[in-house]
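Notes for the one structure printed next.
Numbered from 1 within each chain, the chains take letters A, B, ... in sequence-line order. This structure is a prediction, so every number in the text was calculated from the model and none was measured.
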Amino acid sequence: MQEQFLAQAQQQVNAPDIAYGAIAPVLIVLGFACLSVLVEAFVAKERRWGLQIGVAAAAIVLAGASLAAFISSNDAAGGPTGKTGVTTLAGAVSVDKPALFLWGTLLALGVLALLLIADRTVGGDMQTEVFPLFLFALGGMMVFCAANNLLTMFIALEVLSLPLYLMCGLARKRRLISQEAAVKYFLLGAFASAFFLYGLALLYGYAGSVKLADIATAAVGTDRSDTLLFGGLGLLVVGLLFKGSVGPFHTWTPDVYQGAPTSVTAFMAACTKVAAFGGILRVLTVAFQSTQWEWRGVLWGVAIASMAIGAIFGLTQTDVKRMIAYSSVAHAGFLLVGAIAMNTDGLSSTLFYLLAYGFTTIASFGVISLVRSGSGEATDLSQWAGLAKRSPLLAGVFTFLLLALAGIPLTSGFIGKFVVFSAALRDGMAPLVVIALVFSAVAAFFYLRVVVLMYFSEPAEDGPTVSVPGAFTTVAITLGTFVTLLLGVLPGFVLNWASSGGFLS
Amino acid sequence: MTPTYYLLLSALLFSIGTIGVLVRRNAIVVFMCIELMLNAVNLTLVTFARVNGQLDGQVMAFFVMVVAAAEVVVGLAIIMSIFRTRRSASVDDSNLLKY
């Protein structure tokens with residue numbers, strides 16, 4: 001045994017080929033994150049805020065440009081249908097069509113979240129440390145979507161989570177609940193990643209490798225231990241579902257969404273969901289497609305539980321941020337319906353849903369950050385009564401966003417639900433689709449409750465004021481609302497892009 | 001060598017860690033239990049590396065150690081900051097956010 005190790009160690013180690021063009025967006029984001037740390041250390045305090053915004057914005061813009069350059073060269077190389085993408089770094093990272101779509105989504109949502117974080121005119125209660133943390137988290141999310149083996153996925157999971165734990169605790173006002181959110185998120189997040197890691201170890205024992213493709217090969221018709229396979233799969237999926245705040249693994253979601261600074265919540269709600277479901281889709285499709293008949297029933301149950309928990313607990317909330325948190329749990333259930341429809345439509349519809357949901361969510365948190373009373377943000381629903389009389393525009397925008405979350409036609413939410421449910425139907429999951437429709441109806445009730453409250457209640461005497469938003473917040477809300485409307489009316493372009501190709505392993 | 005004993009030991013350690021997270025009240029102790037879970041995973045990885053006759057599992061154990069160290073930095077910073085404002089590291093005292 002010892003000799004075998006030594007022989008293996010003494011083999012010539014070849015450096016893996018690196019397709020720098022393909023992974024340039026990730027390298028740029030993480031490189032600028034390091035630069036941002038240096039700015040934090042060496043630039044005088046009064047000049048730091050502006051410079052940090054510049055560094056973060058440059059990172060996202062350059063990463064977007066290099067992503068666009070790679071997409072066009074990739075499409076040009078592969079003829080009219082486009083090449084499927086490349087795997088690089090010895091197969092650890094797979095830059096394929098879904099990964100490119102998710103990167104584009106993450107960068108676009110990152111711009112909006114950055115605009116909200118950077119606006120100091122209304123909130124302005126965060127330190128400049130938030131910018132390097134933001135970039136590291138964004139870089140981790142991008143790697144997570146493209147990770148082609150479980151170890152890379154685990155490292156990316158930590159790179160995206162650790163900065164988020166810290167960002168939750170950065171609020172200067174309302175410090176106690178912000179710190180409480182950070183502690184809860186950290187302890188539960190570390191707990192969940194330990195499960196993910198144990199799943200990784202069991203699957204390593206099962207397949208002798210942590211590459212998704214090798215696990216898939218090992219799972220096809222062998223006499224290896226099923227205990228290791230399904231034990232590993234179960235633990236791994238628990239870790240992933242936790243990050244996506246799905247179903248019974250959602251308990252951190254409302255507390256953290258409420259406690260974290262609103263701009264951070266917006267970033268977390270939209271981008272973490274995208275990254276987590278990108279990971280779930282890749283793991284289930286690439287590694288476990290051949291065993292789907294064994295695990296699909298369990299995920300059916302999880303999806304139903306998630307929709308039920310989100311829709312029913314959402315009804316009882318009195319805080320608007322918690323209400324959106326439970327709505328995100330319900331949406332995670334709908335996303336899971338698409339993710340377990342193991343066909344190409346399931347993949348493309350889930351990708352579309354993620355994009356649509358991300359823009360709507362960031363815009364709605366942007367609106368929430370504007371409604372303030374003397375002690376900070378007025379998140380209690382009773383304070384929102386009669387808001388339409390004080391600020392018709394803001395109430396109108398928020399109504400539109402809530403209708404999008406509920407899935408009313410002419411919004412992106414409707415198209416998202418429609419494509420996800422039709423993909424699930426095509427895969428023979430009619431009962432699940434019926435249940436999902438029932439729960440979307442239940443969830444629509446609590447969105448409409450807020451609309452009724454804003455339009456048909458008398459405003460309270462000491463009600464909140466609606467702050468005049470700064471330029472950054474205005475742009476973020478406008479863009480989010482515009483995309484929500486655009487994808488509701490003309491979804492074709494994005495749907496085409498989402499369905500341009502499958503996973504490459 | 002029988003890998004079963006090592007795997008059972010690591011499963012036992014992982015379970016002890018899990019139960020510790022669920023029943024202990026002090027944030028630091030909860031955190032130590034999470035570290036115990038990570039180390040139990042390391043034992044599993046090294047055992048499987050031995051079973052498969054590869055170095056991969058041992059290398060992964062190093063990755064896990066590095067991640068665990070980074071997690072300690074972030075975790076202790078968060079727990080310290082809440083301890084400073086509250087004078088308590090008990091997870092039961094953090095009860096402003098509920099329902």
Could you tell me whether A/Arg449 atom CZ has more than 12 heavy atoms of other residues or ligands within 6.0 Å of it? yes
Counting only non-hydrogen atoms closer than 4.5 Å, does A/Phe154 touch chain B with its backbone (N, CA, C, O), its side chain (CB onward), both, or neither? side chain
So with a 6.0 Å cut-off around CZ of B/Phe63, is the heavy-atom count from everything else above 12? no
Which one, B/Val41, B/Leu45, B/Thr18, B/Leu7, leads in non-hydrogen pairs under 4.5 Å with chain A? B/Val41
Proximity breakdown for B/Ala70 and chain A, heavy-atom pairs closer than 4.5 Å: both
Which atoms of A/Phe186 approach chain B - backbone, side chain, both or neither, heavy atom under 4.5 Å: side chain
Relative to chain B, which of A/Val210, A/Ile177, A/Val159 shows the most heavy atom pairs under 4.5 Å? A/Ile177
Heavy-atom neighbours of B/Arg86 CZ exceed 12 at 6.0 Å: yes
Could you please spell out the steps behind the side chain to side chain contact (heavy atoms under 4.5 Å, CB included) verdict for A/Leu197 and B/Leu38? CA-CA 8 Å; A/Leu197 194 63; B/Leu38 294 183; 3.5 Å; yes
Nearest heavy-atom contact between A/Gln179 and B/Ile82 is OE1-CA, 3.6 Å
Go through the atoms of B/Leu22 and report whether side chain, backbone, both or neither lie under 4.5 Å from a heavy atom of chain A. side chain
Identify which part of A/Leu157 has an atom lying under 4.5 Å from any heavy atom of chain B, answering side chain, backbone, both or neither. neither
Highest number of heavy-atom pairs under 4.5 Å with chain A among B/Val74, B/Asn42, B/Val64 belongs to B/Val74
Indicate the atoms forming the closest heavy-atom contact of B/Gln54 with A/Gly208, along with that distance. NE2-O, 3.0 Å
Atom CG of B/Asn52 and atom OH of A/Tyr206: how far apart are they, to the nearest 0.5 Å? 13.0 Å
Check whether A/Tyr204 reaches the backbone of B/Gly57 with its side chain - one donor and one acceptor, N or O, closer than 3.5 Å. yes
Identify which part of A/Leu162 has an atom lying under 4.5 Å from any heavy atom of chain B, answering side chain, backbone, both or neither. both
Side chain to side chain donor-acceptor pair (under 3.5 Å): pairs with one or both residues in residues 154-163 of chain A, sequence neighbours excluded: A/Glu158-A/Ser193, A/Ser161-A/Lys243
Between B/Ser10 and chain A, which part of the residue has a heavy atom less than 4.5 Å away: side chain, backbone, both or neither? both
In this structure, are over 12 heavy atoms from other groups packed under 6.0 Å from B/Phe83 atom CZ? yes
Does CZ belonging to A/Phe191 count more than 12 external heavy atoms closer than 6.0 Å? yes
